[in-house]
Every structure is written in C-alpha cells, then in structure tokens.
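The block underneath contains the structure these notes are about, expressed in structure tokens.
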Amino acid sequence: MANPDSRPDSDSGPGFRTLSGIPVDSVYGDGPLPGEFPYTRGVHAEMYRSRLWTMRMFAGFGTAGDTNARFHELLRAGGTGLSTAFDMPTLMGRDSDHSWALGEVGRAGVAVDTVEDMVDLFAGIDLGAVSTSMTINGPAPILLAMYVAVAEEAGVERARLSGTLQNDILKEYQAQKEYVFPPRPSVRLVTDVIRFTTAEMPRWNPVSISGYHIREAGSTAAHELAFTLANGFAYVEAAMAAGLAVDDFAPRLSFFFNSHNDFFEEVGKFRAARRIWATWMRDRYGATDERSLKLRFHTQTAGVSLTAQQPEVNIARVALQAMAGVMGGTQSLHTDSHDEALALPSEEAARIALRTQQVIAHETGVAHVADPLGGSHYVEWMTDEMERRATDVFVHLEDLGGGSILEGVYAGIESGWFAGEIADAAYRYEREVNAGERIVVGVNAFTEGNDAERAKLLRIGQDTEDLQLKRLAGVKQARDDRAVADSLRRIVADAGDPTTNLMPALMDSVRVRTTVGEIVEALEGVFGTYVEQAVI
Amino acid sequence: MAPVADRTVPELVAAARGGELRATARLLTFVERGGDLAEQVAEATHRHVGNAHVIGLTGPPGSGKSTLTAVWTIQLAEEGRRPAVLAVDPSSPLTGGAILGDRVRMAAATAAGVFIRSMATRGHAGGLALAVPGMVRVLDIAGFDPVIVETVGVGQVEVDVTAATDTAVVVVTPGMGDAVQANKAGLLEVADLFAVNKSDRPDAVDVRRDLELMLDLSKLTGHGRPDAVARPTIVSTVATTGRGVAELADAVDSHLAALLNAGLLEARREVRRRAEVRSHLEHLVLAASAAAVEAAFGAAADAAETADEPPGVTARRLAERLLTNPGS
Amino acid sequence: MADATPVRVVLAKLGLDGHDRGLKVVARMLRDGGMEVIYLGLRQTTSSIIDAVEQEDADVVGISMLNAGHLTLGPLMVDALADAGLDVPVVIGGIVPDEDLPTLAAAGVAGVLGPGSPAADVVACVRAAVAGRGR
Ligand SMILES: Nc1nc2c(ncn2[C@@H]2O[C@H](COP(=O)(O)OP(=O)(O)O)[C@@H](O)[C@H]2O)c(=O)[nH]1
Ligand SMILES: [Mg+2]
C-alpha cells in the first residue's frame with residue numbers, strides 16, 4: 001500500500017507527471033516565484049512537492065476520557081497532530097457546575113474544569129512527541145498553563161512542547177462572541193502568552209489569527225481578509241509595545257481562514273493575504289527574519305455554506321472549497337462533513353470529508369505545481385482587488401486609531417463598526433437569496449429531491465454532564481483550599497499590574513487544582529466583564 | 001388575579017399603583033398606542049402624579065447613554081430607590097418597524113430589578129411628544145422614581161422630549177466633535193447638566209474645554225434655558241467602569257433640590273403641562289385638518305374642475321372654500 | 001406601510017453559544033416587516049427573557065439556540081412563560097430536524113424557523129404565532 005503521507009518520488013513512482021504521463025515543472029512563470037518575497041505565490045519554493053498540507057480534523061466531545069480514547073485511535077492510525085475542541089462552558093471560562101453550563105457540558109467539545117481533566121485528556125500520550133492544537137480564546141492562558149502543568153507532571157519540559165493555541169480574542173468581539181473580559185485586558189493576556197511562549201516554549205504557536213469565524217458570521221471575503229490581518233497587526237503592535245522584538249515572536253504567528261464558494265475570490269484572498277502580511281511586516285514593523293514575513297495558514301471549508309436541503313450536495317461544495325484552499329497555498333486543511341448543517345458530523349460523513357482531501361492531494365495532480373493559477377489575468381486581478389479592498393479597511397482603522405492599527409481595532413470594536421459591517425453583509429446575502437438574485441442549489445433553485453429522508457443525527461446524552469459534575473466535586477473536595485485561595489490572591493495582584501506576566505501565577509494556580517471558572521471570576525474582578533455592543 | 005387583558009383601565013391603574021409590573025406594562029402599551037384607551041389612562045392617572053423625578057438623558061448614538069443608565073440605575077436600586085427607564089429609539093421611516101437594542105447594555109440593570117421599557121418613535125411626527133409624557137405619568141403613578149427617559153439626541157422631537165423633564169442631562173464624548181454637534185442640535189440650550197462620558201479617552205479634557213467655552217458664549221448671547229437654576233454642571237464619567245457615575249447621580253439630585261429651593265420645579269412642570277396641552281392641540285388640529293383636506297380634495301377630484309387651471313390656483317380655491325365653511 | 005400598532009417581538013439567544021448571525025438577520029427581517037424588535041442578544045436565560053416580556057408587554061418571543069438545544073430549551077421557555085402567567089407565544093429558530101417538530105408543537109412551541117428561512121416566512125410565522133393568541 002502506498003504511504004499517503006510521503007510524496008511520490010520521480011525515481012521510484014510516476015513522479016510529478018500528469019495522469020497521461022507528461023512531466024511537469026514545480027512552478028511556471030517568472031517574477032517573484034513561490035518562496036520569494038512577497039510570497040504572493042506561496043511560502044515555499046516547492047510547495048506541496050516537498051510536503052503536502054496537513055489534513056487536520058477536529059476531535060473533542062464529552063468527557064476528557066472520551067476524547068482521550070479518540071486521540072489514541074488517531075495516533076494509532078499514524079496521526080501526529082491532536083486537535084481539541086472545548087465545550088461552551090469551558091470556552092466561556094465557566095465551570096461545569098455554573099448555572100450557564102446546564103445542558104452544555106461536553107456537548108460541543110470536551111469539558112475542562114481543572115488540570116485533572118487535562119490529565120485525563122492526554123493520558124498515555126507523550127506530549128513531547130505530538131503537536132496539539134487547542135481551540136480556545138477567552139480563557140486560553142489558563143488552558144495553556146494546564147497543558148504545560150500536565151506535561152511537566154509527566155516529566156516533559158515545556159520547551160519540548162509543540163502546538164497551537166487559538167488565543168485570538170479580537171475576532172471574538174467582532175464575530176464569534178466568546179469573550180469574557182473587555183478588549184484591552186484581553187489583549188494583555190494574549191501578549192502575556194506571546195511573551196511566555198517566546199521565552200520558554202520555542203516550538204509553540206501562541207496565536208492563530210482567525211478569519212474563519214468572521215466569515216462565518218457573514219462578512220465578505222475582503223473583510224475576512226482585512227479584519228484578520230488587522231487583528232494580526234494589532235497583536236504585533238501590542239507585543240512590540242510590551243517590549244518584544246518583532247522577529248522574536250512573529251515567526252510563530254499563524255493564521256486560519258475560511259474557504260467559501262466563490263472559487264477565484266477565495267484564491268485571490270489567500271494570495272493577497274501573503275503579500276500584504278509580508279509587505280507590512282517588513283516595511284511597517286521592521287521585521288527582517290524571513291519567517292516573520294511568511295504568512296502560514298490553516299483553512300477550513302465554509303460551514304455556513306452547507307445546506308440542510310439535499311445534504312449530499314454539500315460534498316461537492318466542500319470539494320470545491322477545499323480545492324480553492326489548496327490552490328491558494330494553505331498549510332493545513334479541515335474539510336467539513338456534509339451533514340454538519342444538521343448536527344455534529346457522523347463518522348461516515350467525516351470520513352468522506354477526509355477522503356475528499358485525499359482525492360485532491362493524490363488524484364487531481366494539482367499538488368504537483370506551486371501556485372498553478374498564478375499568472376491568470378483574472379486571478380492576478382482578483383489578488384490585487386482583494387489587496388486594494390483590505391487596504392481601504394486599514395486606512396479606516398488607522399484613522400480611527402490615530403495611526404495605530406491596535407487602537408483602531410479597539411475603536412472599531414467599541415463603536416460596533418466591525419459587527420455592523422458583518423451584519424450588513426450577512427443581511428445583504430440573505431436578501432439576495434430570498435429575492436432569488438443569488439442561487440443556492442437545493443434551497444431556492446433545483447429543489448427537486450428535497451423531500452428525501454434526512455440524515456440521522458448524533459445526539460449526546462445527559463450522562464456526560466453528570467459524570468463531569470461528580471468529577472469536579474471530587475477534585476474540589478480533595479484539594480487544598482487554602483492553597484487555592486492564596487493562588488487566586490496572587491492572580492488578582494498580578495492582574496492589577498500590567499507589566500507582570502500572568503502566566504507564572506496561572507501555572508501555580510492550576511497546579512493546586514484551581515478551576516477555570518474560579519480563575520476567570522478572579523480576573524473578572526480586576527478586568528471587568530465585557531458586554532456586547534448591540535449592533536444589529 | 002385576572003389576566004391584564006381582561007381588566008379595565010381603572011383596575012389596571014389600581015394594580016399598577018399597587019406595584020404590579022404587568023399592569024404598568026399594559027398601561028404603557030395603551031398610552032403608546034394613543035386613542036381612547038390612552039385618554040382613559042390619562043384620566044385615571046393625572047391626579048396621582050408628581051412624585052417621580054423625571055430625568056431626560058440624551059446624546060449622540062454610541063455616546064454611552066445606555067451603559068451609563070445601567071450603572072446609574074443599579075446604584076439607585078442598591079440605595080433602595082425604584083428607578084425606571086424609558087428608552088426611545090427611532091423607527092424605520094420606510095417600514096415602521098424598529099430594532100430596540102438598549103436592553104442589551106442594561107441587562108445587569110434588569111437583573112438588579114430596574115424597570116426598563118423600550119419604545120420606538122413610530123414615525124408619526126409629534127407622536128413621541130404625546131406618548132412620552134403619558135408613559136412617564138404611568139411610571140410615576142406606579143411608584144417609580146426617578147424615571148429616566150433616554151433618547152438619541154438627533155432630531156427636534158428628541159430635544160423637545162428631553163426638555164420636557166425636570167432635569168435634562170446631555171451626554172457628550174471626546175473625539176468626534178460632540179460638543180459642537182450638541183450645540184448645533186440645540187442640546188446645549190436644554191441641558192441642565194452635561195456628562196462627558198468616555199473620559200478614559202485622552203482627549204476628554206478637550207470636550208470639557210469646548211463645553212465651557214460654549215457655555216460662556218451662550219451666557220453672553222443670552223441663550224440657554226430660561227428657567228435654569230445655575231450654569232450647567234459638567235461631570236466626567238466612564239460608564240464602562242462606573243467612574244464618575246455617583247457624582248453624576250449627586251449632581252442630578254442637587255439639580256432637583258436647587259429647582260425646589262428656587263421654587264422652579266412647579267413652574268417647570270406647569271410649562272411642561274402647557275407644552276403638552278399644545279402638543280395635544282396640534283395633534284387634534286392636524287388630524288382634523290388632514291381629514292378636512294381629504295374631504296375637500298376628494299370633492300374636487302374630478303378632472304373637469306381642475307384641468308384648465310394651474311394646480312396652485314385649484315388649491316387656493318379649495319382652501320378658501322374649506323376655511324369659509326369649515327364644517328363641511 | 002406600518003400597521004396601526006406594530007407587533008412587539010422579544011428576540012434572544014438562549015444558552016452560551018455566541019453565533020448570532022441568524023438572530024441578527026431575523027431581527028432585520030422583522031423590522032423590515034414592520035415589527036418592533038426588542039433585542040436582548042446573547043446568553044439570555046428564561047428568567048431574563050421573562051423580565052423583558054413582562055416590562056415590554058411583548059406580543060411574542062423569538063429565541064434561537066445552539067444545535068440540539070431545541071428539545072430542552074424550547075419547552076423550557078414555553079413552560080417558564082406559562083408558569084409566570086404570561087400568555088405569549090414562542091417561536092424558535094435553529095437547526096431543528098423534522099422528526100422533532102411534533103414534539104415541539106405538542107410542547108406548545110408556536111413556530112419553528114430553520115436556518116435560511118426567507119424573510120416572508122419569518123414574518124408570516126411570527127404573525128401567525130401572534131394571531132393564534134387572544135389579546
Ligand atoms: N471607552 C469607553 N467606552 C464606553 C464608555 N461608555 C460606553 N462605552 C462604550 O460605547 C459603546 C456605546 O455604548 P451605549 O451605552 O450603547 O451607547 P448609547 O447608544 O449612547 O446608548 C459601547 O461599546 C460601550 O461599551 C466609556 O465611558 N468609556
Ligand atoms: Mg442606547
């Protein structure tokens with residue numbers, strides 16, 4: 001059987017030839033090539049010839065134990081990357097016994113209350129040998145502290161840990177709304193994590209700057225691009241203001257984009273993203289390390305584009321969106337399952353989604369050539385157009401922020417500008433579909449066959465919640481309450497001093513089994529709680 | 001207890017005075033809709049009013065009025081008072097619909113027991129000027145004190161509504177030439193107090209200075225509120241952290257005390273009453289004249305009568321007929 | 001053009017999930033349908049919704065929720081309103097499989113709107129829910 005992860009080698013296999021045997025070069029055209037500044041055509045010269053994109057799929061539901069079993073399965077199947085989704089209460093920094101958590105514990109991801117859950121989550125896994133991605137934002141520093149604590153309790157030094165923390169709080173105020181504290185103290189937390197990992201965890205990506213959720217909330221492609229890069233610039237400005245040298249941390253910033261239906265618009269978006277980032281990092285922020293200039297990104301197909309009507313049609317949508325991601329030069333890709341418009345994906349649908357990527361990688365030949373669309377009049381124009389539109393947004397934000405993108409982003413959040421732009425675009429789209437000006441197959445056109453039986457839904461029972469509540473009560477029972485109280489006092493003190501990095505206090509606190517919710521509440525006492533800006 | 005839908009207006013008024021929120025809410029609905037029931041409510045409430053301190057709060061959209069109101073009313077509730085908020089937002093002139101979003105920022109106030117009612121301007125010009133005083137009266141007889149009326153300070157109606165209170169607070173913020181805008185909108189002339197909100201912003205001092213300047217100027221030119229008790233106080237606030245809100249509350253209370261001391265409160269309320277009579281009169285006359293115009297126009301609608309003359313001449317002939325025998 | 005008295009809708013998201021794209025789109029559809037939307041936004045509880053319904057004298061409640069929450073949260077809202085003595089219909093929005101519709105109807109939910117429902121359906125559904133109640 002062929003090893004799916006290694007690339008075919010010209011000597012031993014069919015090599016980089018077309019299906020009918022014509023040999024092809026690794027790149028075509030002239031001008032700045034892939035791997036050359038400003039990286040419009042890709043961050044590596046050889047692109048997928050040297051290394052395919054990572055086919056990353058999400059896992060995480062129920063208790064830490066359930067997810068741990070899935071992790072082991074994944075590792076046995078040859079995977080090396082673990083991707084963790086947390087449940088809503090954890091994402092909001094609340095414990096499973098909080099009144100908000102009712103009915104949501106373990107439902108959309110794994111529930112983590114204390115470091116004990118993290119121990120269970122990674123039981124039997126050598127954290128020095130895997131790479132872990134954690135999708136969490138508001139309470140991200142706490143979860144990172146727990147991860148490090150678990151590793152160190154198992155004898156793995158933090159410097160050996162590799163992985164990615166989403167930790168992108170700005171887009172939460174703009175789009176996904178999973179925030180806890182107001183923007184400024186939240187960005188201070190992001191900066192604390194960047195300072196911490198830069199100094200002590202050289203293999204860790206402290207922020208994954210995410211446009212995915214902005215797009216899902218209804219933005220246009222150009223705004224997804226612009227808002228995401230602006231958020232990236234904002235973190236760079238914040239970290240530099242905290243005293244970090246740009247080339248010390250920028251190589252570890254990564255991005256996460258959406259891939260939607262309009263094929264060329266998406267490809268143009270990805271290409272423009274690389275060009276803008278490289279140019280700004282060099283010219284505005286003075287980065288000189290090549291790795292600081294290269295925008296690396298993960299892509300996920302557009303969940304919102306999936307329809308509940310004729311769900312099988314989603315397989316085609318996902319395939320085309322995935323293709324746009326690959327043509328755009330993504331470093332990793334998640335393909336949605338076709339039944340996701342209905343509920344959590346079934347195992348079969350998840351498999352088809354993964355197979356879709358494998359077909360693109362191994363059957364279509366698109367991975368043979370870097371930036372195969374480069375030089376197309378339309379694609380080059382679209383790339384320029386995306387850049388132009390993004391620049392308009394940067395100019396507006398600099399205006400709002402008196403020359404600073406960071407301040408402009410704060411102002412745009414406070415005034416509801418981002419949310420308003422997104423809501424306007426979402427409503428415009430909905431109206432066009434309603435009016436039949438925009439065709440959505442199976443929804444407002446070609447609806448024959450809509451009555452077919454709907455897919456079966458995966459439902460998660462109540463047991464998870466009960467189990468988790470017992471577990472939490474047990475941990476609280478067994479711990480040293482005085483140590484917990486002391487650690488919280490230190491957190492409050494450190495939070496009050498913006499020059500102190502909170503990470504050490506968080507590390508000490510999670511070790512004595514303080515809960516996520518207790519830490520978040522202590523921090524809320526200092527930072528306050530964010531109330532959404534109601535732009536409707 | 002019978003459902004509110006099955007009760008008469010006097011029954012509802014009795015219940016509202018006894019503290020039943022649902023009865024209060026239904027009475028507010030009646031007043032807001034206008035017409036017969038609104039008159040019945042007015043009849044049943046006007047003798048009981050006068051206990052609430054009525055506060056107008058206005059300022060540009062996004063200046064932090066709702067955030068400010070939330071913090072302020074929570075503090076009032078903690079002191080054992082029973083504040084109510086009437087939050088007014090514009091209706092869409094096209095569809096008559098509205099999105100009323102003030103409760104989002106006032107969620108904590110709701111949780112603290114503050115009564116909040118959202119209302120839309122509902123298009124019809126002057127309707128607000130009729131409905132708001134009536135609704136304030138309902139809140140008054142229901143035992144709420146103070147009653148804060150939050151409007152977006154953009155149009156004349158909103159300015160009038162703010163002016164028709166015991167204490168008018170105008171919110172301005174740094175950075176966007178708010179003070180100048182407020183001046184243009186005529187807000188400076190109705191303000192008893194200014195809250196410079198978002199004073200966490202570095203340029204907040206500039207707004208204060210602008211305001212002081214404009215107040216100096218208006219004193220020279222003789223503008224400003226004729227029944228003002230003092231030069232308007234300026235309070236700096238940061239609604240998001242609560243800074244300065246207690247001072248604002250004190251300044252508002254002091255303003256009421258000063259009005260009382262100067263014997264101006266009753267005078268103000270009398271002016272307000274007259275203004276309200278005037279609004280009602282205008283409304284009635286406008287409604288009557290609209291009907292008369294409709295009738296006169298309908299009678300003249302056939303082409304034979306109008307084809308040979310310019311439209312203006314036709315209109316004048318119709319108007320003369322209408323005004324000489326208004327009964328027909 | 002507007003009715004004499006616009007329908008007043010309390011619109012909220014129950015639960016922790018922060019995806020409010022649908023809720024916002026529906027708010028605009030109802031506004032454009034001539035209704036007054038009292039928007040509560042994210043992370044509401046049955047009791048915060050009841051406070052709003054009571055003070056606003058609302059005609060109908062619209063709630064949206066995360067995947068799979070409808071079977072618990074929908075009936076919870078209906079019961080909570082009934083317990084509070086408020087005769088106000090509930091319309092829910094979200095991903096609701098057909099097989100659950102009878103259960104929800106039996107629990108007293110007045111209408112269900114799936115993702116991507118056209119504006120006309122949204123407005124009609126809310127109107128029908130209001131019409132179904134005597135006032
Ligand atoms: N920085 C700052 N922001 C504030 C302050 N007060 C309100 N805001 C923000 O301004 C925005 C608008 O507030 P809101 O109360 O809805 O304004 P309204 O339209 O006047 O009612 C929100 O994002 C608030 O968080 C303040 O004192 N300082
Ligand atoms: Mg407001």
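- The minimum heavy-atom distance linking B:G96 with C:P6 is given by the pair O-CG, 4.3 Å.
- C:M35 contributes atom CE, which lies 12.5 Å from atom CD1 of B:I99 (distance to the nearest 0.5 angstrom).
- Of the two parts of B:V85, neither the backbone nor the side chain holds a non-hydrogen atom closer than 4.5 Å to a non-hydrogen atom of chain C.
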Worked check of side-chain contact (heavy atoms from CB on, under 4.5 Å) between B:M119 and C:E36: CA-CA 8 Å; B:M119 82 181 275; C:E36 288 178 1; over 6 Å; no
side-chain contact (heavy atoms from CB on, under 4.5 Å) evaluation trace for C:Y39 with B:L100: CA-CA 6 Å; C:Y39 188 83; B:L100 311 171; over 6 Å; no
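- Atom CZ of B:R103 is separated from atom CG of C:D51 by 7.5 Å, given to the nearest 0.5 angstrom.
- Heavy atoms from other residues, nucleotides or ligands lying under 6.0 Å from CG of B:D36 number 12 at most.
- In plain terms, the two heavy atoms of C:D32 and B:T95 that are nearest each other are O-CG2, 3.4 Å.
- A 4.5 Å side-chain heavy-atom check between B:R117 and C:D57 finds at least one atom pair inside the cut-off.
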Starting from the C-alpha separation in whole Å, work towards a yes-or-no answer on side-chain contact (heavy atoms from CB on, under 4.5 Å) for B:E32 and C:R8. CA-CA 12 Å; B:E32 192 182 15; C:R8 287 168 65 83; 3.9 Å; yes
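- A pairwise comparison of heavy atoms in C:E54 and B:A25 identifies O-CB, 3.0 Å as the closest pair.
- For C:A12, no part lies under 4.5 angstrom from a heavy atom of chain B.
- No hydrogens or angles considered: nothing links the side chains of C:Q55 and B:R22 as a donor-acceptor pair under 3.5 Å.
- Of all heavy-atom pairs spanning C:I38 and B:S118, the tightest one is CG2-OG, 4.2 Å.
- No more than 12 heavy atoms of other residues, nucleotides or ligands shown are found within 6.0 angstrom of CD on B:E43.
- Residues B:I116 and C:E56 share a closest heavy-atom pair of O-OE2, 3.5 Å.
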